[in-house]
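Please read all numbers here as calculations on a predicted model, not as lab measurements. We name chains A, B, ... by the order of the sequence lines, and we start the count at 1 in each one.
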Number of protein chains: 4
Amino acid sequence: MSEKITDNKESREKLVECAKREFLEKGFTKASLRKISSEAGLTTGAVYFFFGDKNGLFEGVVGEALARLNAVLENHFAQDIEADLLTYEHHSGDHDDFSEELVNVIYDHYDEMTILLDRSAGSKYERFVDSIIDKLDSSYIALAEKYAACVPNKRVNRKMLHWLTHVQINAFIHMMQHEKNRDSALHFIKPVMDLLIKAWMEYSLEDDV
Amino acid sequence: MSEKITDNKESREKLVECAKREFLEKGFTKASLRKISSEAGLTTGAVYFFFGDKNGLFEGVVGEALARLNAVLENHFAQDIEADLLTYEHHSGDHDDFSEELVNVIYDHYDEMTILLDRSAGSKYERFVDSIIDKLDSSYIALAEKYAACVPNKRVNRKMLHWLTHVQINAFIHMMQHEKNRDSALHFIKPVMDLLIKAWMEYSLEDDV
Amino acid sequence: MSEKITDNKESREKLVECAKREFLEKGFTKASLRKISSEAGLTTGAVYFFFGDKNGLFEGVVGEALARLNAVLENHFAQDIEADLLTYEHHSGDHDDFSEELVNVIYDHYDEMTILLDRSAGSKYERFVDSIIDKLDSSYIALAEKYAACVPNKRVNRKMLHWLTHVQINAFIHMMQHEKNRDSALHFIKPVMDLLIKAWMEYSLEDDV
Amino acid sequence: MSEKITDNKESREKLVECAKREFLEKGFTKASLRKISSEAGLTTGAVYFFFGDKNGLFEGVVGEALARLNAVLENHFAQDIEADLLTYEHHSGDHDDFSEELVNVIYDHYDEMTILLDRSAGSKYERFVDSIIDKLDSSYIALAEKYAACVPNKRVNRKMLHWLTHVQINAFIHMMQHEKNRDSALHFIKPVMDLLIKAWMEYSLEDDV
DNA sequence: TATGAATGAGATTTCATTCAT
DNA sequence: CATGAATGAAATCTCATTCAT
């Protein structure tokens, strides 16, 4: 009897799909709900029904990707980072697992990551990259403190460390923007991570005064 | 006795000043001409009288800083970069002059640079950082080609080079955002540049196939 | 009990109605959307919801009238105009059908036609009269060429023909502006058309050199 | 000693000249005083100094042309119009003098006339054409009354007369728009006036009831 | 489930005009 | 004789959001 042939998740998904395109193209702030809805064959009201508001729609687009990314990061932070720092250089491929996981998450949700990391200005996730950097930074400081404890007359160079964290995150964003597929991404990111680890070893401590 | 004795240019300057604050806080797109003018004690019409349009006002804010920055960059590109690459590592302080000039320009126009480099989305200068990267990139590729010519079985690794260019520019932006005064900025940027030069030497070439 | 029970389409119609009045009074360019909406008890946003933009609203006002007018004109142009020109004078009432149709369309949409023909400057229909004249002109030139072929030592006088086309169209506009009802309009336009046909027969050809 | 090399009429004339161009191109309403002044190398204030306001500037542009046109028209109306109407047809060239005078005035002030007759909407002269038509109409009605007095069972057909007046004025405007030089203008307007006079003789009276 | 209607606050921009100097 | 500064009112348009149905 019903004339609606759409099942109930179809509209929501269409909305997410069109929103993804629009956010990707214009960024959160300049994206138009009107355009998104009309391209989905729906009206703005539908957005409010399904997602509450514009930020909700944004979350609808990036939510899953975000969750997976967070999981990878949390997992990484939670890991025992008691690695023998003094011998770290001997097996520089150690961090490959983390890189690979990250690359996988990113390329499993390529568009969503692009949006989250580079088109989220104005949304409630606009500080997302910063928050990752903050977490990573604390984590690296803790690690470096241990490292410093083993090396006489040295202390942690926090500024350099903070910058290296930035560079690391930005390296993944750069990778995303320049390498369209997973393999070339991995091929790109490995030497980059190598370089960063070496830099970390060499610059994360400074002479104690 | 009159209260309406205003210097000539006072209004224009007030506008620039208020616009600077607003652009700094909200970025070009979200900045409101209404707010800017009213905080300057004027009307939006005044903005149009002095600057033509919103982009004109933006230019009024960043113009001078931009010109100086461009001058430094042009000068840098124009310089003979025939440095003896093979012995480069022996005098790693070589690029200090450029860094210092850059730091000076940046800290002479601290707010303006922040706006130009990080709050210009939507304005006619939104591609400014990209354009710098492009120029720098070409310049570095040329340099690396010469370098490669001296080293057997090596060729330029363009992707790595391009990333290093990004890192370099972002290092200056990072510096701006984290070091509020010139001295600490220089203190920060010098080892960073050192690191980058070493990385450049080591990673800009890859094995020829 | 509720006071907000509005027919669907009531607002749209109110908007069209108020817009008609405003366009009629001020012409497209000087008409104010603010005034139109507020007189309809709505906001300018409503105009954009229903019509997209000012030109859309204009179209909403004149669209139907325009379509009917175009239909009559197209039909007229499409007709075989192989009438025996040489004996044309014997049945000068021939064009009465066209005139009557035109008069009917015009008086069915009196205000809309006034707007379309005389208040449309600045709108996307501002060249409408010209486009009619162009079509009519081509049509008349073709007719006159056939006529000329039957008369020795004569050729088409294009300038006179073009002017007569203008006069004809303007006659209908004049009629609209001076005759408020259909009957007096017909009473006026018939001798005018007679006169024009005679003029056409006499002046559309000039001596060949 | 003076640094101003301009004599005092130069600015005024420059303003008139630039205003002419702008009015011609955009019409009174859409013309911008700012643009006019700046193209004249002056500021809007100068317009207000010389002309009082926008309408004053308009007058500055069309004033002289207007005066001459009015003179020709007044002269024409003032003339003894006691011509022997019954024999009028025998010397259809009679009105040539008037036409020629009109053509001369028009082509002596070609741009100004175009502005006055076709770009004056919004200005204080926007009703100028109508006022001419009104005057011409009264004049023709008076003439026709005399004519009617000589012909039994006929009375003045005011509507037709009024339309013919319109056609006549519009013929001159049409001429202006289509004939760029005086000779071709005269060549065009003469047969037109002939036609109109014949029409006048034939259609200005209707059967008395 | 969704629509369709409508708001209200905002945006940038344009313009004739004024007036002290 | 003319400027430069500035106003104030208006313009069109965009948008996220609400809500009765």
Side-chain angles (χ1 to χ4, degrees), chain A residues 2 4 6-12 15 29-37 40-50 52-55 57, chain B residues 2 4-6 8-12 15 29-35 37 40-50 52-57, chain C residues 2 4-6 8-12 15 29-35 37 40-50 52-57, chain D residues 2 4 6-12 15 29-37 40-50 52-55 57:
Chain A
S2 164
K4 287 257 168 121
T6 61
D7 76 42
N8 46 5
K9 277 185 189 162
E10 205 172 90
S11 291
R12 195 184 195 283
L15 240 17
T29 299
K30 290 201 147 186
S32 157
L33 290 190
R34 193 109 102 195
K35 194 167 196 180
I36 291 168
S37 335
L42 297 166
T43 63
T44 56
V47 171
Y48 286 84
F49 175 75
F50 286 113
D53 64 4
K54 200 186 190 183
N55 263 306
L57 177 58
Chain B
S2 163
K4 201 67 189 294
I5 294 186
T6 58
N8 49 344
K9 286 185 187 166
E10 200 177 88
S11 291
R12 196 185 194 280
L15 240 17
T29 299
K30 290 200 144 188
S32 157
L33 292 189
R34 273 230 264 262
K35 195 168 198 178
S37 341
L42 298 166
T43 62
T44 57
V47 170
Y48 286 84
F49 173 72
F50 286 112
D53 63 4
K54 200 186 189 184
N55 263 307
L57 178 57
Chain C
S2 162
K4 200 68 189 293
I5 295 185
T6 56
N8 48 346
K9 286 185 186 167
E10 200 177 88
S11 291
R12 195 185 195 281
L15 241 17
T29 298
K30 291 201 142 187
S32 157
L33 291 189
R34 273 233 263 264
K35 194 167 198 179
S37 338
L42 297 165
T43 61
T44 57
V47 170
Y48 286 85
F49 172 73
F50 286 112
D53 64 3
K54 200 186 190 185
N55 263 306
L57 178 57
Chain D
S2 163
K4 287 256 168 118
T6 59
D7 75 42
N8 46 3
K9 277 184 187 163
E10 204 172 271
S11 291
R12 195 184 195 283
L15 240 18
T29 299
K30 292 200 146 186
S32 157
L33 289 190
R34 193 109 102 194
K35 194 168 198 180
I36 290 168
S37 334
L42 299 166
T43 63
T44 54
V47 171
Y48 286 84
F49 175 76
F50 287 112
D53 65 3
K54 200 185 192 184
N55 264 307
L57 177 58

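For the pair C/Phe49 CZ and E/dG8 P, the computed distance is 16 Å after rounding to whole Å. Atom-to-atom, CG of D/Leu42 to C1' of F/dC1 comes out at 10 Å; the value is rounded to the nearest Å. Put simply, CZ on C/Phe50 is 12 Å from C1' on E/dT7, counting in whole angstrom units.
At the heavy-atom level, C/Gly56 lies nowhere under 4.0 Å from the strands shown.
The backbone N or O of A/Thr29 lies less than 3.5 Å from a partner atom in the side chain of A/Lys54, making a donor-acceptor pair.
Closest non-hydrogen pair, A/Leu15 versus A/Ile36, comes out as O-CG2, 3.9 Å. In plain terms, the two heavy atoms of A/Ser37 and A/Val47 that are nearest each other are OG-CG2, 3.7 Å.
When side chains are defined from C-beta on, D/Tyr48 counts as touching D/Leu33, because their heavy atoms get closer than 4.5 Å.
Between the CG atom of A/Leu42 and the CZ atom of A/Phe50 there is a distance of 7.5 Å, given to the nearest 0.5 Å. Taken from OG1 in A/Thr43 to CZ in A/Arg34, the straight-line distance is 10.5 Å, to the nearest 0.5 Å. One finds the OG1 atom of A/Thr44 at 15.5 Å from the NZ atom of A/Lys35 (value rounded to the nearest 0.5 Å).
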Where each pair must be Watson-Crick or G-U wobble with both distances under 3.5 Å, what dot-bracket representation of DNA chain F is obtained, with crossing pairs in [ ] and other-strand partners as |? .||||||||||||||||||||

Scoring nucleotides 8-15 of chain F by protein non-hydrogen atoms under 4.0 Å (B base, S sugar-phosphate only, - none) yields ---BBBB-

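For F/dA2, one of the phosphate oxygens OP1 or OP2 lies less than 4.0 angstrom from a side-chain nitrogen or oxygen of D/Ser11.
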